[in-house]
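The figures that follow rest on heavy atoms only: side chains count, while hydrogens, waters and symmetry mates do not.
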Amino acid sequence: EKEKISKSLDLLLKNKFGCSDEKLSMMKKDRLLSSEIGFSANLLELFLEIEKEFGVSFSRDEILNIQFDNYTELAECINKKPANKKSRLN
């Protein structure tokens with residue numbers, strides 16, 4: 001399941017935000033907003049695309065506590081969501 005989420009998140013970042021394989025590799029090691037990566041999209045836009053792509057929604061507490069500029073934390077949070085809501089992965 002984690003592998004599927006990671007692959008789907010990679011595709012979302014490539015297709016919707018134009019990230020290269022090199023940039024994806026860097027994102028997995030550093031914060032998306034770091035100067036080395038220079039993720040040009042708005043984190044709110046990324047958040048909304050993740051909700052749409054994975055068919056999940058985040059509570060107010062999750063939004064306040066998740067570091068949405070961290071690839072690993074994003075993937076983990078998606079993974080914790082109920083499997084039946086991750087419609088695009090099934």
Side-chain angles (χ1 to χ4, degrees):
E1 187 72 12
K2 284 183 183 183
E3 185 69 25
K4 283 183 182 180
I5 289 170
S6 185
K7 286 182 180 184
S8 293
L9 187 54
D10 287 357
L11 283 174
L12 177 110
L13 289 165
K14 283 181 178 182
N15 296 336
K16 299 278 184 177
F17 299 99
C19 294
S20 65
D21 289 333
E22 180 183 1
K23 188 173 262 194
L24 281 173
S25 179
M26 291 172 66
M27 286 177 162
K28 294 175 185 180
K29 297 174 190 163
D30 208 346
R31 297 232 176 262
L32 278 61
L33 297 177
S34 71
S35 58
E36 291 81 19
I37 294 173
F39 185 65
S40 59
N42 178 323
L43 285 183
L44 176 61
E45 185 180 353
L46 174 61
F47 169 79
L48 295 172
E49 285 294 334
I50 287 171
E51 284 194 327
K52 186 169 85 178
E53 179 72 21
F54 292 97
V56 298
S57 61
F58 298 98
S59 70
R60 184 175 188 268
D61 287 340
E62 287 173 316
I63 294 167
L64 295 173
N65 293 313
I66 296 167
Q67 294 188 16
F68 279 95
D69 72 331
N70 181 294
Y71 180 97
T72 304
E73 195 160 336
L74 272 175
E76 285 296 320
C77 186
I78 295 165
N79 188 53
K80 290 178 186 175
K81 294 291 179 180
N84 62 341
K85 289 193 170 188
K86 292 180 258 188
S87 57
R88 305 250 176 142
L89 299 177
N90 296 330

### Task
Please assess L48 against E45 for the test side-chain contact (heavy atoms from CB on, under 4.5 Å), listing each intermediate value before the final yes or no.
CA-CA 5 Å; L48 295 172; E45 185 180 353; 5.9 Å; no
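- Listed here is the closest heavy atom pair of C19 and M27: SG-CE, 3.5 Å.
- Annotation: the span from D10 atom CG to I5 atom CD1 amounts to 12.0 Å, rounded to 0.5 Å.
- Side-chain N or O atoms of E51 include one that pairs as donor or acceptor with a backbone N or O of F58 at under 3.5 Å.
- L13 and L44 fall within a single hydrophobic cluster, where Ile, Leu, Val, Met, Phe, Trp and Tyr are joined by side-chain heavy atoms under 4.5 Å apart, directly or via other members.
- Note on L11 and F54: separate hydrophobic clusters, where clusters join Ile, Leu, Val, Met, Phe, Trp and Tyr whose side-chain heavy atoms are under 4.5 Å apart, directly or indirectly.
- Remark: N15 CG to S8 OG distance equals 10.5 Å, nearest 0.5 Å.
- Taking the side-chain hydrogen bond (donor to acceptor under 3.5 Å, both in side chains) definition, one finds that D61 meets it with nothing, sequence neighbours left out.
- I37 approaches M26 most closely through the heavy-atom pair CD1-O, 3.4 Å.
- For T72, there are no side-chain hydrogen bond (donor to acceptor under 3.5 Å, both in side chains) partners, not counting sequence neighbours.
- To the nearest 0.5 angstrom, D21 atom CG is 3.5 Å from K14 atom NZ.
- When all heavy atoms of L74 and L9 are compared, the pair lying nearest together is CB-CD2, 4.3 Å.
- Using a 4.0 Å cut-off between a side-chain N of Lys or Arg and a carboxylate O of Asp or Glu, E62 and K80 do not qualify as a salt bridge.
- A distance of 9.0 Å separates CG of L32 from NZ of K23, quoted to the nearest 0.5 Å.
- Applying the 6.0 Å contact sphere to NZ of K29 captures no more than 12 heavy atoms from other residues, nucleotides or ligands.
- In this structure, K7 has no salt bridge (charged side-chain N to carboxylate O under 4.0 Å, His left out) partners at least two apart in sequence or on a different chain.
- Among all heavy-atom pairs drawn from L12 and E49, the shortest one is CD1-O, 3.8 Å.
- Y71 contributes a side-chain N or O that, together with a main-chain N or O of S6, makes up a donor-acceptor pair within less than 3.5 Å.
- With rounding to the nearest 0.5 angstrom, the SG atom of C77 is 11.0 Å from the CG atom of N70.
- Distance NZ/K52 to OG/S57: 15.5 Å, rounded to 0.5 Å.
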### From CA spacing to verdict: side-chain contact (heavy atoms from CB on, under 4.5 Å), K2, E76
CA-CA 8 Å; K2 284 183 183 183; E76 285 296 320; 3.5 Å; yes
